[in-house]
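Keep in mind it's a predicted model, so treat the numbers as computed, not measured.
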Amino acid sequence: MVDLHDRVIRLITESKPTWKFDILDATYEITNPNVVDMQLKITQPTRGVYAVNGSIDIKVDLTDEITFEIDILYSKSGTGNSYRSTPFRLRKMNLTEFVNWPYKDYLRETLRQCAKNYIEFEGKFVAPVEKTCITLEECKFDTDNMPTMMKNGFYKLEAHTTYASLSVLVQIYDSIY
């Protein structure tokens, strides 16, 4: 007999998310343009569909000296100072750790569909990332590998690296498809 707890856990982990999101804005600040530069633009290729175009120009080989840290803030209304911390946070990690987990699990599949020169590897990634220019062409991020349940509202993803900061504003809503 299968334990009820095991059935619930399997249902949660095997289920597809019941929500979708729109990317409303992306802002960034480069602290060392000799190492990395970025151009991002949110577009709406078709009604109700948002995408990201742009480039990330990595001008030197990146090693594990670079760090990544991500905070996710939530607001029901999306106005002013109404954003509050959520439990969704990625502790400071080096390049190898970042690429092997959040990049691999949440970004790589999308980038395969819409990017040129993205970080691709088989098995386990080991730094460095060689200098390159990653080009994004109408990248539409899906929710397939995301948490199954997310509260409707506005979220700010604030990513900080050694050489740049990125803030992405998204609106999450129930999926009817």
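Using a 4.5 Å heavy-atom cutoff, the side chains of F21 and Y50 are not in contact. In this structure the side chain of N53 never reaches within 4.5 angstrom of the side chain of L136, judged on heavy atoms. Residues Y155 and M150 have side chains in contact (heavy-atom distance under 4.5 Å, counting atoms from C-beta outward). Taking 4.5 Å as the limit, every side-chain heavy atom of I70 sits out of range of all side-chain heavy atoms of P102.
Remark: side-chain polar atoms of T67 are not paired, donor with acceptor, to backbone N or O of K92 under 3.5 angstrom. Checking side-chain atoms of K156 against main-chain N and O of S167 turns up no donor-acceptor pair under 3.5 Å. Using a distance-only test at 3.5 Å, with no hydrogens or angles considered, no donor-acceptor pair links the side chain of T132 to the main chain of I134. No side-chain donor-acceptor contact under 3.5 Å links Y118 to the backbone of C114. The main-chain N or O of D57 is never found under 3.5 Å from a side-chain atom of S55 such that the two would form a donor-acceptor pair. Remark: the backbone N or O of E29 is not paired with any side-chain donor or acceptor of S165 at under 3.5 angstrom. Remark: side-chain polar atoms of N117 are paired, donor with acceptor, to backbone N or O of C133 under 3.5 angstrom. Side chain of Q113 to backbone of T110: no donor-acceptor contact under 3.5 angstrom is found. In terms of modelled atom types and a separation under 3.5 Å, the side chain of N152 and the main chain of D174 share a donor-acceptor contact.
Under the 30°/60° scheme for interplanar angles, the aromatic rings of F98 and F68 are found to lie parallel.
Both cation-pi conditions hold for K151 and Y74: the charged atom is under 6.0 angstrom from the six-membered ring centre and inside a 45 degree cone around its axis.
Atoms OG1 and CG, from T161 and N32 in turn, are 10.0 Å apart once rounded to the nearest 0.5 Å.
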